[in-house]
Amino acid sequence: MSFVPGQPVTAVVQRIEIQKLRQGNNLILGFSIGGGIDQDPGQNPFSEDKTDKGIYVTRITPGGPADVAGLMMGDKIMQVNGWDMTMVTHDKARKRLTKKNEDVVRLLVTRKSLEEAVKHSMGTYHKQ
Amino acid sequence: MFCRNQTARATVARGSALEMEIRRGKFRKSVFLDTSQDSDIQKKIDHEIRMRDGACKLLAACSQRDQALEAAKSLQTCSTRIMAYMSELQRMKEAQVMQKVTRRSSDAGPMDDRLPCKGKVAISDLRIPLMWKDTEYFKNKGELHRCAVFCLLQLGGEIFDTDMVIVDRTLTDICFDNTIVFSEAGPGFELRVELYSCCSEDDYSAGSTPRKLASKLSSSLGRSAGKKLRAAMEPGPCSPVSNGGAAPLLLPVPSVPGPKYHLLAHTTLSLSHVQDSFRTHDLTISGNEECSYWLPLYGSMCCRLAAQPHCMTQQMMSGCLKVKVRWQQCGGDPQSWTKVYAVLKGTSLFCYHRQEDVEANIEPAFTIGINKDTRIRASEKDPHSKVQNICISNQYGGEEVTHTLTTDSREDTHRWMEAFWQHFYDMSQWKQCCDDLMKIELPSPRKPAPVTPKQGSLYHEMVIESSDDLSSTVSDILARRMQELELRSQLGTSPTWMSVFEENNAKSAGRTRHCTSRLSGHSPCTPHRLPRSPASPHRCPQLGLLSSDASLTSDSDSHCSTSPCSQHHGWPEPSSSFSLLSSSPSRLRPRTLSLDAKLSTLRGRGYGGGGAFQCPCQPPPSSLLAPLPISSRSPRSQRSTQTTLSCSSSTSSNSSSNSEGSHSPESSEGVPFSRPSPARRSLRNLRARLDPRNWLQSQV
């Protein structure tokens, strides 16, 4: 998941679709995000590369919409409903997730375990 | 021949050659009579003509620019729809004529061509990026050149338009939020997307100024304004429909003064573009920079195009069957027949025990997969009954499983085989849409935006999640955290910051009272999680205050020497209010004022007092919890709840320039974390690491 500035990023992603939950006047997703291009990437406990300014999932409400959809703590969010999240400010990321007129957010997330899984499956393939 | 009252008839002009032919009986008039299909279209055309007239009148009567733009948009949509209906009518009439001609000449060939099933096609989240020159984008002065744009989407005979969006140079993308669903589309559909734009500036009344005067004006107005004026006056696309004799004549589109939309870009999407996620497609741009309606498009369009063929959503075939299963591995004779009620839908054949189960939504007894890899064949005639069996073979893993179906009569067997062939044909036509059911959301009716009175601070807009932690048991929370930790450790390299805590663990011994803890060490001091209710925002100011206040006090390291009694002394005051807050939601009540007073007195006491209540955080959790009623809670649960709260309160304090004096959390305190506590340190450290004062987090 490390990236070289200026080069395209390749990652193994998982598609997660979260139905927002309505609570009163608000639509909640049930997780917290951290990161952004205006934040200090060295403080991110989840990122492998401490210069990664991406948006990470820092906490999941147990039983909430994100938990039900399969989002995990430590995931890096690459896209939200088609919008890129690898180069956004923190506030922009929050806004993209909390649009009032959207009931569903479709995320593309990546995590290290996905890369490992692909590597392992590729490995067995090569052995054959 | 010319009947004014009839709405569904062909207009044959008097004295025309066609009339003469009809009189002579060469062609029966019925050839040109509208069938019921035609009359539907005729009704639609009439409806659209009425809409168009209405739009023209509205346009003429409009005074405001927005209304005029909307009216012009409906005019454009109606005109396009009329043209589409007209051409469809034309095609149908031609087909009729051809049909009648061929029928006379030769026998109708075997209508064996299988037609694929129709489906729903939905396009949503249209986004068209713009590519402004950087000089334009950042230009702050000068008038804002604005364009009104909308999209027309056409599939088959259905035409829909999106809402209108005003675009100027501060926008980077044109976004259309609408979801458009076309209900009857075949697999070979062509969805044409057209982007229309119209310059939304000063009112140019098209056509009223004579050209000579216009050119004189343009030279005196200044180059760019004059260019725009001249471009706006060029005649827009008019659409007179001229047909042969058979179809009704249509008046040309009346040219109305007012804004006119021009085609800016278009593209055509088909089955190969359908996917369950967002994709980018190329646009063909018409027009150039000189046009008034020009926008610098990047050249592509992003959207989500999904399709639900009816074979995936509807029951294609259902009936009673008898089934038996045979696994390849265990050979031998198959078991006895099982009587089921089977439903063919999507990629499976669902077998229910009884027909009533289908409506009752009970799980089927078993499911047979019907997909691209399934093989179906009719077996030889069963010697006992004269009916052929149907064999369905699937590969599950490495082995082949064969289900044999039989029905009560030959006709039923034939119908089922026919249904299977049709299903396979549909799946071959709809290709990737039949792998999985794509979701299409019907646009939910927009609720009117609730009018919330503007409240003073951002705290009131915050929502805090529900207090499920209060109800779940401690062991659950512990188990969950352990799982997370295990997962993390399984991922291989432990985060680099873990090593710091390992060292500290080794150094420290038991419950020490270090005051050199990080700021984050005591941020999880607020030991509760507030319920997510409108009343809760009142809590936030207090806690935001507390955490910021604590952060202020933590900078000084000199409070190590506070004695235990002063600790407890310093703590209970805020903790009492906290304990109140941390209890069940029903006992919450706003205590902002009193806490404010308390905190100010604490602050007044200087760092001694402030440091006092900072210190309790360092010793292991049990002492921390002592003054609080929920002392039985484990540290980790505390921290999780605490972090939530501090997250949310810090968010608000970060995003608003809060005058309460909270300092920015961005400053990363480099104080080493030396808080060795026996168990679950690393997770607590993770929580500590997630202190929003170091690293901003937002709840969504």
Side-chain angles (χ1 to χ4, degrees), chain A residues 15 17-18 20 22-36 38-48 50 55-64 66 72-74 79 81-83 90-91 93-106 108 111-113 116, chain B residues 125 127 173 177 276-280 302-304 439 441 444 446-447 449-450 452 461 463 465-466 468-469 472 476-477 480 484 487-488 490-493 495-498 532-534 640 643-644 647-648 651 654-655 666-668 685-692 694-700:
Chain A
R15 229 173 264 163
E17 191 174 297
I18 308 183
K20 289 192 189 176
R22 186 165 285 279
Q23 283 203 351
N25 270 349
N26 306 288
L27 284 167
I28 58 161
L29 287 162
F31 65 100
S32 295
I33 53 167
D38 55 343
Q39 306 294 316
D40 179 9
Q43 303 292 330
N44 187 344
F46 302 109
S47 60
E48 273 199 19
K50 286 303 165 189
I55 305 291
Y56 282 76
V57 175
T58 57
R59 205 178 45 82
I60 309 256
T61 316
M72 304 196 56
M73 190 168 78
Q79 267 190 22
N81 281 347
W83 294 96
H90 185 92
D91 201 47
R94 184 187 60 82
K95 281 184 182 153
R96 289 234 176 101
L97 285 161
T98 53
K99 283 195 183 307
K100 282 206 149 67
N101 57 356
E102 281 175 1
D103 291 328
V104 170
V105 284
R106 293 187 173 91
L108 286 181
R111 59 181 82 101
K112 186 129 186 300
S113 54
E116 302 273 311
Chain B
D125 304 288
R127 183 165 64 94
D173 302 79
D177 292 330
D276 201 5
S277 61
F278 294 90
R279 280 183 71 170
T280 313
C302 219
C303 66
R304 179 174 180 262
K439 295 212 190 115
E441 284 123 26
S444 54
R446 293 241 177 117
K447 292 189 184 175
T452 47
E461 293 174 29
V463 191
E465 45 179 68
S466 57
D468 39 3
D469 263 357
S472 55
D476 280 351
I477 298 167
R480 237 177 289 139
E484 280 175 26
L487 185 67
R488 206 160 294 281
Q490 271 163 27
L491 295 184
T493 61
T496 45
W497 47 264
M498 290 279 268
R532 187 170 255 204
S533 62
S640 60
T643 316
T644 316
C647 283
S648 41
T651 306
N654 288 333
S655 45
E666 315 282 13
S667 56
S668 54
N685 296 340
L686 175 64
R687 291 276 158 258
R689 193 77 195 197
L690 288 177
D691 176 16
N694 295 333
W695 195 50
L696 180 63
Q697 289 146 74
S698 299
Q699 202 161 28
V700 293

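Order of the sequence lines fixes the chain letters, A, B, ..., with proteins taken first and strands second; residue numbering starts at 1 for each chain.
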Minimum-distance pair of heavy atoms, taken over all atoms of B:Asp173 and A:Trp83
OD1-CZ3, 4.0 Å
Quick one: are A:Arg106 and B:Ser277 in side-chain contact, heavy atoms under 4.5 Å?
no
Heavy-atom cut-off 4.5 Å, strictly under: side chain, backbone, both or neither for A:Val105 against chain B?
neither
Using side chain to side chain donor-acceptor pair (under 3.5 Å) as the criterion, list what pairs up with A:Arg96, not counting sequence neighbours.
none
Between B:Asp177 and A:Asn101, is any side-chain donor less than 3.5 angstrom from a side-chain acceptor?
yes
Distance from B:Gln699 atom CD to A:Arg94 atom CZ, nearest 0.5 Å?
11.0 Å
Heavy-atom contact with chain B under 4.5 Å, split by part of A:Thr58:
both
From A:Glu17 atom CD to B:Asp276 atom CG, the distance as rounded to the nearest 0.5 Å:
7.5 Å
Given that the side chain runs from C-beta out, which part of B:Arg279 has a heavy atom under 4.5 Å from chain A: side chain, backbone, both or neither?
neither
Non-hydrogen atoms of chain B under 4.5 Å away: do they reach the side chain of A:Leu97, the backbone, both or neither?
side chain
So which atom in A:Gly82 and which in B:Arg127 form the shortest heavy-atom distance, rounded to 0.1 Å?
O-NH2, 3.5 Å
Among residues at least two apart in sequence or on other chains, which ones pass side-chain contact (heavy atoms from CB on, under 4.5 Å) with A:Gln79?
A:Leu108
Atom CH2 of B:Trp695 and atom OH of A:Tyr56: how far apart are they, to the nearest 0.5 Å?
8.0 Å
Among the options A:Asn81, A:Thr98, A:Ile55, pick out the one with the most heavy-atom pairs lying under 4.5 Å from chain B.
A:Asn81
